[in-house]
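Since the structure comes first, as structure tokens, the remarks are kept for the end.
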Amino acid sequence: MSDTPIQLSINGLPRNGGRAVQERIRADGDGDIARPRYATSVHWVSGYRTRTQVKSGAVLQGDEPSTYGGADLGATPQELLLAAIGNCLAATYVGGLTAAGIEVRSLKIDVSGRVDFRAAFGVVPGAPGFERIQVQVALDANAPQAQLDALLARLLPTAPIPDTISRPVPLDVRIEHVESAEHVEDVEDVEHVDPVAQSRNA
């Protein structure tokens, strides 16, 4: 008979997965598990189009609507922010429900809000960001509604992205002026032109 503990899986996740992560965090409070660093690299393509590389290797396409001069070939920054909120809440809710042994049959999170482009385009003074963000959660799980509501209320403050946008977080923007390899080659070609030879050939 094997002594290997049985790993129960719920909602596609191990039942005790969250507890295992907690133990690793307690063991190294300043390590990469406890305080992970996230980074993305956004590259401009053309117009308003961008290409964002993330750690997993996935590539996100960004753009603006044709209404504002874009080509509608990617997600807008506003949509990416709303998607980050929804994805973070989905992970937080499913992780917490799994730890509680509650099966999730379906989960849909709609995130929406209006941005004040009057301020963004300098038509009127004011804050150019979201005026308010609404989140609508549609959950079907095998537990009483009162229990689910209480659990989700406890989980919400632990969601990193909603927490980030709900409080002032320092934003450090540093500008570095660089020259692309193609631009440097073009400059070198111009600098090596012999003006005397050029006048003779004129």
Side-chain angles (χ1 to χ4, degrees), residues 7-22 25 33-42 48-68 70 72-117 120 127-169 171:
Q7 295 292 327
L8 297 178
S9 178
I10 303 176
N11 305 320
L13 298 172
R15 168 74 184 276
N16 296 324
R19 184 173 301 174
V21 174
Q22 285 179 336
I25 291 173
I33 297 297
R35 300 178 66 246
R37 181 179 185 275
Y38 291 89
T40 61
S41 184
V42 181
Y48 287 125
R49 293 177 58 198
T50 59
R51 184 177 65 253
T52 301
Q53 187 82 36
V54 298
K55 186 177 180 180
S56 68
V59 176
L60 309 177
Q61 304 294 337
D63 200 357
E64 293 287 352
S66 57
T67 306
Y68 302 105
D72 292 301
L73 294 176
T76 69
Q78 293 79 19
E79 290 168 334
L80 292 171
L81 175 62
L82 297 180
I85 295 171
N87 276 274
C88 184
L89 284 174
T92 300
Y93 288 157
V94 171
L97 292 168
T98 298
I102 298 173
E103 178 186 359
V104 178
R105 290 186 283 261
S106 70
L107 173 63
K108 179 185 177 186
I109 302 176
D110 292 322
V111 191
S112 62
R114 288 187 181 275
V115 173
D116 193 347
F117 270 13
F130 277 99
E131 299 169 345
R132 185 181 183 88
I133 295 177
Q134 294 86 29
V135 179
Q136 183 67 42
V137 180
L139 172 66
D140 181 12
N142 66 339
Q145 290 187 10
Q147 179 184 356
L148 293 173
D149 289 342
L151 179 56
L152 296 187
R154 292 198 302 271
L155 290 171
L156 178 58
T158 70
I161 304 304
D163 170 73
T164 299
I165 67 168
S166 298
R167 60 184 172 87
V169 175
L171 178 65

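Bear in mind the structure is a predicted one, so any value in this text is a computation, not a measurement.
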* **By salt bridge (charged side-chain N to carboxylate O under 4.0 Å, His left out) - contacts of R105 (at least two apart)** => D140

* Structure fact -> Interatomic distance, CD@Q22 vs CD1@I33, rounded to 0.5 Å, equals 13.0 Å

* Out of curiosity, I10 CD1 to N16 CG, how far, rounded to the nearest 0.5 Å? -> 9.0 Å

* To do: Determine the minimum heavy-atom distance between G12 and S9, stating which atoms define it.
  => C-OG, 4.0 Å

* **Stepwise side-chain contact (heavy atoms from CB on, under 4.5 Å) test for V137 and Y93** => CA-CA 10 Å; V137 180; Y93 288 157; 4.0 Å; yes

* Counting only heavy atoms not in Q136, do more than 12 sit closer than 6.0 Å to its CD atom? -> no

* **R15 side-chain N/O to A99 backbone N/O, donor-acceptor pair under 3.5 Å** => yes

* L82 versus G113, closest heavy-atom pair with distance -> CD1-N, 4.4 Å

* Give, for atom CG of D72 and atom OG1 of T67, the distance between the pair rounded to the nearest 0.5 Å. => 7.0 Å

* Rounded distance (nearest 0.5 Å) linking atom CD1 of I133 with atom CD of Q78 -> 10.5 Å

* So, do I102 and N142 sit near enough that their side-chain heavy atoms are less than 4.5 Å apart? -> yes

* Asked: Given side chains that start at C-beta, do those of L97 and L139 come closer than 4.5 Å, heavy atoms only?
  -> yes

* Asked: Between V115 and P128, which heavy-atom pair has the shortest distance, and what is it?
  -> CG1-O, 3.0 Å

* Rounded to the nearest 0.5 Å, what separation is found between the OG1 atom of T40 and the CG atom of L60? -> 8.5 Å

* To do: Taking all non-hydrogen atoms of both residues into account, name the closest pair between L89 and A159 and its distance.
  => CD2-CB, 4.0 Å

* To do: Salt-bridge test for D110 and K108: reply yes if a basic N is under 4.0 Å from a carboxylate O, no otherwise.
  => yes

* **is_close_aromatic(Y68, Y48), centroid dist under 6.0 Å** => no

* Inter-residue atom distance S41.OG - Q53.CD, 0.5 Å rounding -> 7.5 Å

* **Taking every non-hydrogen atom, the tightest pair across L148 and A143** => CD1-O, 3.5 Å

* **Partners passing side-chain hydrogen bond (donor to acceptor under 3.5 Å, both in side chains) against N11 (at least two apart in sequence or in another chain)** => T98

* Check the surroundings of atom CZ in R37: do more than 12 heavy atoms from other residues, nucleotides or ligands lie under 6.0 Å from it? => no

* Asked: Do you know the tightest heavy-atom contact between D63 and P77?
  -> O-CD, 4.2 Å

